Amino acid sequence: MINKLLHYNYLSRYLIWATDVFLSVVATLLSYLFLNYLVHINIVPGIALLFLLWSMVFSIFWTWVTKTYDGIIRHATVTEFVRIIYAMLLKAVSLLVISFFIFEHVGNFVLAIITLDFVISVFLLMLMRTTVATFYYSVVSSGGSGTMNTMIFSSEDESAVSLANYLRTADTQYNMVGFLTRDPHKNNYRMLGHKFFYIDSMENIQPLFEKYKINCLLFTSKDDLHSDDEIFNYGLKHNISMRIAPMADVSEEQASIQLRSIQIEDLLGRNEIKINLKEIDNLLKDMTVMVTGAAGSIGSELCRQLCKFHLKQLIMVDFSETALYEINMELTKRYPNNKITSIISDVRNSSRMEANIRDYRPDYIFHAAAYKHVPMMELYPCEAVRANVLGTMTVADLAVKYGVQKFIMISTDKAVHPSSVMGASKRIAEMYVQSYGNAIKEGKMQGKTSFITTRFGNVLGSNGSVIPLFRKQIEKGGPVTVTDPDIIRYFMTIPEACRLVLEAAYLGEGNDVFVFDMGKPVKIIDLARRMIELSGLIPDKDIKITFTGLRPGEKLYEELLRKSESDLPTENPMIFRAESIKLDYQEVRKALEHLIDCSYHEDKRATVQTMKDIVSDYKSMHSVYEQLDKVQQ
């Protein structure tokens, strides 16, 4: 019976309309009987009946005009109540006018009937809606199938109200019990009819959850997740369903609530990163922007965020046909008014890239194209050199030739004191753009292009990230493989990293190296355990964790600055400016041309040896190329 009630959609509008009219006429009758009982004024029964008839006519007419029956009763809001007041007020005015024709004399008695009729009508129509809503939610809370007794934890009242209203109006399975708070001033306060429950210590949370049979806890933002580990860990330990409902951006700058399960990215991401959107928009307004590697994890997110600005045109360049097609379809659908062009092209192909840059004349180039997988590049160092070094040189040279204003290179923390082929190749690419920027700045080379390097650590969800690997292993029942129990990494979400890249593009004035504040380091073993727990399983019991040893080129920890670099603050506290090392452009170019020549001979050993000659602090770890370091010593 309960399930039938819960799955019954809505009462008929005509039934609601008839009920409103009936209650309105009843209010008129009650007003007349009550006042007649008090005053004992004799009114001809026919006249009284005519008055009731006109009451019914006006009730039908004004409830139809104001559409009091349009709202869903169990989700009645202030708007519906205002409609009722308008309808009954108009009915009262109409009765007053018609009274001059019905009665010989309109005195205090008739005025009193009409006034009392208005009050009782409004009361009865509101009472009906409140009763239906109360009955519905009492049925839900009494144990309807699939319902969960839910509490909301939020530090922001506005967010909590939005989520509570969403739970009421979205026909969800959540039975709202109250709000959980750490603020003693809110204890026993009520909001939207729901009580605040103050938690001063974890000792009193268990009896509270047991008393109200709480089996679901909702958070309104990542900030709340990060601000109270105790509550989250309690929910994780006691198998309470926990979800997050951040305000999610949708097209055309509207916002909606997207209630979803908590993921590891929510726990590792920091508080929301603020960037100067207005200044970035002013910088990029009516500009043509090119993104290389546009179909990759970083490049595609950069394109998504760039589409929110008032660009003249976005040029997406990538070598992967399928991936480029997918991001092109996504963005053209989400931003139909934007001018978006997709180009299949390899950054290593100088003639093809020259045609692209010559034809479209970009004002800004975000260079995200690169090979990034550390163990794979240990196997294919020649490919790493051609993609990461030659590709960067090609695009950088063309940027200067065709007057690009800013060239923003996406680098990595693995370029700092590199231990892998991939890290060394990115470091060499950094050296080239920095030396080129210095040469232009000092007047040794002609050009107006400003070179900006952005350097950050691991991004969650990127290609090759450990997160998707752990997720697949957990889905298959384990084991989850961790390379070393002591390995640590810095993490940042892809959108966070791209926002900071855009901010760096705004802050950069020429030949700048920007490093991002990556927050607190995370032990990979702790990451694995937390992901298993989020899946409702127990580490080392339901899912085993095994250690496989460090992979070729892998470090225990990463750095963002070289020892010879110093970090200087910028106007954004999340971004630091590193002082770039002065390098002679001609010497760097000559060394890199020799390196690229080695890579085309497919001589892996000679290629890596040349990389070590160029990057003096490149020391291989857990790699066959460690032998080269021993020879040098």
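Bear in mind the structure is a predicted one, so any value in this text is a computation, not a measurement.
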Salt bridge flag under 4.0 Å for residues Arg499 and Glu503 = no
How far apart are the closest heavy atoms of Lys523 and Pro485, and which atoms are they?
-> CE-O, 3.4 Å
Is the distance between the ring centroids of Tyr432 and Tyr585 less than 6.0 Å?
-> yes
4.5 Å side-chain heavy-atom contact, Val615 and Ile428 = yes
Shortest non-hydrogen contact from Asn438 toward Leu583 | ND2-N, 4.0 Å
Does a side chain donor of either Asp286 or His310 reach within less than 3.5 Å of an acceptor in the other side chain?
-> no
Within 45° of the six-membered ring axis of Tyr618 and under 6.0 Å from that ring's centre, is NZ or CZ of Lys612 located there?
-> yes
In terms of the angle between their ring planes, are Phe451 and Tyr436 parallel, tilted or perpendicular, with boundaries placed at 30° and 60°?
-> parallel
Going by atom types only, do Ser620 and Glu626 share a side-chain donor-acceptor pair under 3.5 Å?
-> no
Here the pair of heavy atoms bringing His601 nearest to Asp597 is ND1-O, 2.7 Å
Test ring pair (Phe, Tyr, Trp, His ring centres under 6.0 Å) on Tyr380 and Tyr371 and set out the steps.
-> CA-CA 10 Å; Tyr380 302 101; Tyr371 283 142; 9.2 Å; no
Would you call Phe456 and Leu500 a side-chain contact if the rule is heavy atoms closer than 4.5 Å?
-> no
What do you reckon, is OH of Tyr402 surrounded by more than 12 foreign heavy atoms closer than 6.0 Å?
-> yes
Name of the residue among Asp363, Thr341, Thr288 meeting side chain to side chain donor-acceptor pair (under 3.5 Å) with Gln313 | Thr341
Any idea which heavy atoms bring Ser411 and Glu430 closest together, and the distance?
-> OG-OE2, 2.5 Å
Derivation and outcome, side chain to side chain donor-acceptor pair (under 3.5 Å), residues Tyr625 and Glu378 | CA-CA 9 Å; Tyr625 302 117; Glu378 290 297 304; over 6 Å; no
Closest non-hydrogen atoms of Lys406 and Gly508, given as atom of the first, atom of the second and distance, are NZ-O, 2.7 Å
Tightest non-hydrogen contact, residues Ile327 and Ala294, listed as CG2-O, 4.2 Å
CD1 of Ile614 to CG of Leu592, rounded to nearest 0.5 Å, is 5.0 Å
Should the pair Glu383-Arg386 be classified as a salt bridge under the 4.0 Å nitrogen-to-oxygen rule?
-> yes
